[in-house]
Amino acid sequence: MEKKIVLTGIKSTGRPHIGNYIGAIKPALQLAENDAYSPYYFIADYHSLTTVQHANQFKDYVYGIAATWLALGLDPEKSTFYRQADVPEVLELAWILSCLTPKGLMNRAHAYKGLIEENRQNGLEQDSGINMGVFTYPILMAADILLFQSDIVPVGKDQIQHVEIARDIAGHFNHIYGETFKMPEYKVDEATSVVPGLDGRKMSKSYNNTIPLFNEEKELEKLIKRIETDSSLPEDPKDPALSSLFLIYKEFASEAQVKRMRERYENGVGWGEVKKELFHVMNAYLETPRQRYIELMNNPKKMDEILLHGAEKARRRARTFLEEVKEKIGC
Ligand code: ADP
Ligand code: TRP
């Protein structure tokens, strides 16, 4: 049976945090382990250009994301792992798709809508500070997805609308030119779809409330101590389902550890104790990947090689399909 294509991208706008890991990277790595799937995982660096407009920082963030995937065990031989900008076919398809995308569809995209709403509240002109990259962001993402005939797109909840837009655009193209693009399905892990940050809001680089994955040990411990908790007393029974500490703990602990922690919650446990235990479990889990991450960050040449090798694989597939698409439009 032909393998299903599972594709996802992470934009390089900062250092990956445990929200990215739990919501996107970990489930994607699990899918990559499954022989029924052919994984296409990439660094959405051109997406990050909408906000990261400083060359050194741009480059550094790309390496940070690449090192993260590799340190956590992505096998570049068993997957196609690349940098978006190394696959120019994506851009070619993005233009074709943009000519078939009603502008109104972009007006309704939530990231853009959020920005114009913010401008309105601040008494600014509607489009103040918004570049065209932000506006057409979902088209580039549709091109990422549709170019590889993706079956499954694992993402966090905030990206569902973007996958739906990709489906809309694909449907529109297929309607005009005949069956061409496959309809991608998003895959959201419901249990962990939103990892809360230090302040209880969604953990996000944009809110400055993250726990970066590969911080030094001391820094990790400090940040865990800062996670917000309620004012219940140590002896009060606690509901694990309502606790962000528990939500994070269960992603890094063994089944036996999770079971024991659940009992401690039910019998009453101090938040300080939970945080200490969370730190130990996370630190042990991340120790080896952190080491690998540091080694890779010190060897950008090696990452360049790996990414270029991935881009070559990706382009071979992309070129053939893009030719088909171009033929359909009469090009
Ligand atoms: P950020 O919000 O920090 O900028 P990105 O938008 O780059 O994160 O997200 C990269 C991937 O990680 C996406 O699939 C996104 O849905 C997922 N993700 C980001 N933050 C979280 C979170 N707090 N919980 C779960 N998944 C998340
Ligand atoms: N927009 C995604 C994010 O902000 C990143 C991304 C770009 C992506 N292209 C993609 C995710 C294609 C999945 C598939 O997180």
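All values derive from a computational prediction rather than experimental measurement. In each ligand, atom 1 is the first atom listed, and ligand 1 is the first ligand listed.
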Under 4.0 Å from a heavy atom of [X]: give me the atoms of ligand 1 that qualify, with their elements.
| X | answer |
| --- | --- |
| H17 | 1 (P), 3 (O), 20 (N) |
| G23 | 25 (C), 26 (N) |
| K11 | 6 (O) |
| D158 | 15 (C), 16 (O) |
| V155 | 14 (O) |
| M203 | 20 (N), 21 (C), 22 (C), 23 (N) |
| A24 | 11 (C), 12 (O), 14 (O) |

Below 3.5 Å, N or O to N or O, backbone or side chain included: is there any such pair between [X] and ligand 1?
| X | answer |
| --- | --- |
| T13 | no |
| K157 | no |
| S204 | yes |
| V195 | yes |

Could you verify whether a donor N or O on one side chain and an acceptor N or O on the other, from [X] and [Y], lie under 3.5 Å apart?
| X | Y | value |
| --- | --- | --- |
| D151 | Y37 | no |
| N215 | R290 | no |
| D127 | Y112 | yes |

| Is the number of heavy atoms from other residues, nucleotides or ligands within 6.0 Å of CZ (R201) greater than 12? |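 It does: R201 CZ has more than 12 such atoms within range.
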| task | Heavy atoms only: give me the nearest T68-L213 pair and the separation to one decimal. | result |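 Closest heavy-atom pair between T68 and L213: CG2-CD1, 3.8 Å.
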| Which atom of I145 lies closest to which atom of S150, heavy atoms considered |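 So the two residues come closest at O-OG, 2.8 Å.
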| message | salt bridge (Lys or Arg N to Asp or Glu O under 4.0 Å), that's the test. Do E295 and R292 meet it? Break it down for me. | response | CA-CA 5 Å; E295 279 164 29; R292 262 190 256 149; over 6 Å; no
Hey, can you tell me if [X] and [Y] have their rings parallel, tilted or perpendicular (30° and 60° cut-offs)?
| X | Y | answer |
| --- | --- | --- |
| Y40 | F148 | tilted |
| W69 | Y41 | parallel |
| Y137 | H47 | tilted |

| task | Please list, by chain and number, the protein residues whose heavy atoms come under 4.0 Å of ligand 2. | result |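 For ligand 2, the contacting residues are L7, T8, G9, K11, F42, A44, H47, Y137, M141, D144, I145, V153, V155, Q159.
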| query | Relative to atom 27 (C) of ligand 1, which among S12, G19, G156 owns the nearest non-hydrogen atom? | reply |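 Ranked by closest heavy atom to atom 27 (C) of ligand 1, first place is G19.
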| message | Can you check which of I10, T51, N20 brings a heavy atom nearest to atom 17 (C) of ligand 1? | response |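 When every heavy atom of I10, T51, N20 is considered, N20 comes closest to atom 17 (C) of ligand 1.
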| task | Measure the shortest side-chain to side-chain distance between T8 and F42 over non-hydrogen atoms and say whether it is less than 4.5 angstrom. | result |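 Result no, sub-4.5 Å side-chain heavy-atom pair not found.
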| query | Under 3.5 Å, is there a donor-acceptor pair between the side chain of E33 and the main chain of Q30? | reply |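 No: the side chain of E33 does not pair with the backbone of Q30.
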